[in-house]
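One structure is given here, and the rest of the page talks about it.
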Amino acid sequence: MIVGGHRLASTGLGRATGPGGVIYPPEIPCFYGASGWGVVNDGMSSDAPVLPEDPAILKAMIAALQAENAKMSATIRAHDQLIQTLRLRIAKLKKQAFGKSSEKIEREIEQLELALEDLLIASAESATTPADDDEADAALEVATDDIDAGKPRRRPRVSATTPRERRELDPGSCCPDCGGDLRLVGEDMSEMLDLVAAQLKVLQIARLKKSCRRCEKMVQAPAPSRPIPGSMASAALLAWILVSKFDDHLPLYRQAEIFARMGANIPDSTLVDWCGRAMKVLAPLVDRLEADVMASDLLHADDTPIRVLDRSLKDRGLGKGVKQGRIWAYVRDPRPWAGTAPPGAVYRFAPDWKQEHVHGHLAQTRGILQADGYKGYAKLYEPDPHGTPRLQEASCWAHLRRDFHDEWAKTKSAIAREALDRIGALYDIEREINGQPAEIRVAARQKLSAPKVEAFFAWSESQLTRIPGKGDLARAFRYGLARRASFSLFLTDGRVAIDNNPAERALRPIGIGRKNWLFAGADTGGETLARAMTIIETAKLNGLDPQAYIADVLDRIHDHKINRLDELLPWNWTPVAVAQAEVA
């Protein structure tokens, strides 16, 4: 019996190789499946059962195996179709994630993503042949080429700074056939991604005591400062705990389970204490960071809800003892216009949505504020007694576009579709000038975008006379026309972005975190969350590993002069090893 091709010869099951493939002994059971002949192998033993000699029984076995293969193929096809459907649905929901009822949409996205993940794992598990990462990537890119929401499996991208460990497989120095000397003519290199598991270790600080032989004076090195005086936690451990909780959104009780597997029983109460005291150590640095960012003359602002426990609301609010607070994000990001200031993000917690909180956050801020239409900003845009407004409003075209998109998704309105196309043309121009200096941006906008903006608002006014005045489409037009000046500000100031996406991106970690923690434990918990995210997200905006950065800062801050605290800000920070090398 001849089965397959020459690739099967390496299995060792064949007795001879002929021009048509590998010749297998008659005792090896075979079947004909969707991809041709194959060998039945239980994967556990080489003692295969002997096939019956009756041709009728053999035909029945083949038919049964073909039917089973067909059923499995149908199941896989059904899984693939469902995966494609889920990807499309998730993509559509993500486009609406910042619109009305965003919390319901986020919950649906979470459920669909979990279902999609399970299906993808099941699909990978049922694959009959292991695929090379590169081959799988190419195949999936072809299969999902027309799916905007496709998330094909990709070959891992590993940073050039990741350590490499070389393992050489040397065939020896003598030829296995003739015994002659071997010479090196080249090598075949492949890579595997490995993981060095986290491991706790105990640092034993031994301070040797010595006495002078002459005067008997006792001499001992001073004890090094600790991030938390009297605590066993090192700076690296505290940084891991903070980043795991506030960036990876891993609750402390889960961290305690991880530490237990490593051999350390750390009570939850101890982890809570370490978190709180570590954030207290970082508080002066967070204050300096906040003051620097909030003093900027151009800020993006946005907010998102967060559930907060409140024992005074046992029978009211969102549920038993739960109220809705807010997390505000204020972002400085001059990178799109090649500005020199470093990027930064400040998060503030508020127990409710009252405008007084925003007024307090922005009390010292002057310049331009890019935000949505939240009514609490209105007083900040009003002119002072000298006729100059404290803040100038810059509106978000993405927010306006979202309103038209929602209308088009519901009704397939041709007017809404045209509005989307007109706004899309502005974004096409923005993509070409992103990262250019402000002067180049404003020149391009005056030449290319200004006529389109003028035409858009003229067209909007004409459309209002043709559609029902109380509909969502009319409401979207009125929203844009009422803020025509703020929507046009980006045409005259190259620093102003076309939308408020930097602030919306800054709030995404909150949405991700809500999948792991349902609510903040109290108002103070929300404030701690905001401060922790301020330092972590600003470190990430400046291209730093937040864990390495926080570990180094916690290790140095007690011995650092308070009047040189700005040296530890993310955009000024230099690792201690690099700093020492520069001094040397």
Side-chain angles (χ1 to χ4, degrees), residues 224-247 249 252 269-296 306 308 325-332 342-351 357 360-365 506 509-510 513 520-542 544-574 576:
S225 62
R226 301 191 178 202
I228 300 175
S231 167
M232 284 187 66
S234 71
L237 178 58
L238 291 173
W240 193 92
I241 293 170
L242 290 176
V243 173
S244 294
K245 176 172 175 57
F246 296 111
D247 192 34
H249 313 292
L252 293 180
S269 58
T270 301
L271 292 175
V272 169
D273 183 63
W274 286 354
C275 270
R277 295 174 69 184
M279 286 307 304
K280 186 176 181 180
V281 171
L282 295 171
L285 187 63
V286 175
D287 291 342
R288 284 293 305 124
L289 193 159
E290 289 180 349
D292 192 283
V293 172
M294 298 304 288
S296 304
I306 177 175
V308 184
R326 311 294 292 192
I327 290 285
W328 295 85
Y330 301 96
V331 180
R332 174 181 68 194
V346 171
Y347 295 81
R348 295 285 179 85
F349 170 79
H357 304 298
H361 300 163
L362 298 169
Q364 304 302 319
T365 304
I510 299 291
D523 287 354
T524 53
E527 292 165 0
T528 301
L529 169 65
R531 288 196 299 272
M533 290 192 62
T534 294
I535 195 166
I536 289 172
E537 294 301 321
T538 300
K540 290 160 67 176
L541 283 174
N542 285 272
L544 303 180
D545 172 4
Q547 185 172 327
Y549 167 67
I550 293 175
D552 186 75
V553 168
L554 286 172
D555 195 42
R556 297 163 56 183
I557 194 167
H558 282 310
D559 301 320
H560 205 82
K561 292 183 179 179
I562 190 67
N563 60 350
R564 295 172 55 187
L565 194 61
D566 284 4
E567 294 176 354
L568 299 182
L569 289 169
W571 47 83
N572 296 329
W573 174 73
T574 303
V576 70

Item to check | From Ile550 atom CD1 to Leu238 atom CG, the distance as rounded to the nearest 0.5 Å | outcome: 10.5 Å
Next on the checklist: Among residues at least two apart in sequence or on other chains, which ones pass side chain to side chain donor-acceptor pair (under 3.5 Å) with Tyr347?
Outcome noted: none
Item to check | Check: His249 side chain, Asp247 main-chain N or O, donor-acceptor pair, under 3.5 Å | outcome: yes
Checklist outcome for this item: What one should report as the nearest heavy-atom pair of Ile536 and Pro546 is CG2-CB, 4.0 Å
Checklist entry - Any side-chain heavy atom of Arg348 sitting closer than 4.5 Å to one from Glu290? => result yes
Item to check | Heavy-atom pair of closest approach, residues Pro227 and Ser234 | outcome: CG-C, 4.1 Å
Checklist entry - Would you say the side chain of Met533 lies within less than 4.5 Å of the side chain of Ile510, judging by non-hydrogen atoms? => result yes
Item to check | From CG (Leu289) to CE (Met294), nearest 0.5 Å | outcome: 11.5 Å
Checklist entry - Taking C-beta and beyond as the side chain, do Ser296 and Thr365 meet within less than 4.5 Å on heavy atoms? => result no
Checklist entry - Looking at Ala506 and Ala329, what are the two nearest heavy atoms and their distance? => result CB-CB, 4.2 Å
Next on the checklist: Checking side-chain contact (heavy atoms from CB on, under 4.5 Å) between Arg531 and each of Leu529, Ile535, Thr528, which is the one that passes?
Outcome noted: Thr528
Checklist outcome for this item: The side chain to side chain donor-acceptor pair (under 3.5 Å) partners of Asp566 (sequence neighbours excluded) come to Arg288
Checklist entry - Do Pro351 and His357 touch side chain to side chain, with heavy atoms closer than 4.5 Å? => result yes
Distance-only donor-acceptor pairs under 3.5 Å for side chains of residues 276-285, two or more places apart:
residue, atom, partner, partner atom, Å
Arg277, NH1, Asp273, OD2, 3.3
Arg277, NH2, Pro229, O, 3.1

Next on the checklist: Is any side-chain heavy atom of Leu252 closer than 4.5 Å to one of Ile241?
Outcome noted: yes
Next on the checklist: Restricting to non-hydrogen atoms, name the atom on Ala239 and the atom on Ala551 that form the minimum distance, rounded to 0.1 Å.
Outcome noted: CB-N, 3.5 Å
Item to check | Residue list, ring-ring contact (aromatic ring centres under 6.0 Å, His included) with Trp240, at least two apart or on another chain | outcome: Phe259
Checklist entry - Is the shortest heavy-atom distance from the side chain of Thr534 to the side chain of Phe246 under 4.5 Å? => result no
Checklist outcome for this item: For Ala530 and Phe349 the tightest heavy-atom approach is CB-N, 3.9 Å
Item to check | Heavy-atom side-chain proximity of Tyr549 to Asn542 below 4.5 angstrom | outcome: no
Next on the checklist: According to side chain to side chain donor-acceptor pair (under 3.5 Å), who are the partners of Asp292, at least two apart in sequence or on a separate chain?
Outcome noted: Arg332
Item to check | Closest non-hydrogen atom pair, Thr538 against Pro343 | outcome: CG2-O, 3.9 Å
Checklist outcome for this item: With sequence neighbours left out, the residues meeting side chain to side chain donor-acceptor pair (under 3.5 Å) with Trp328 are none
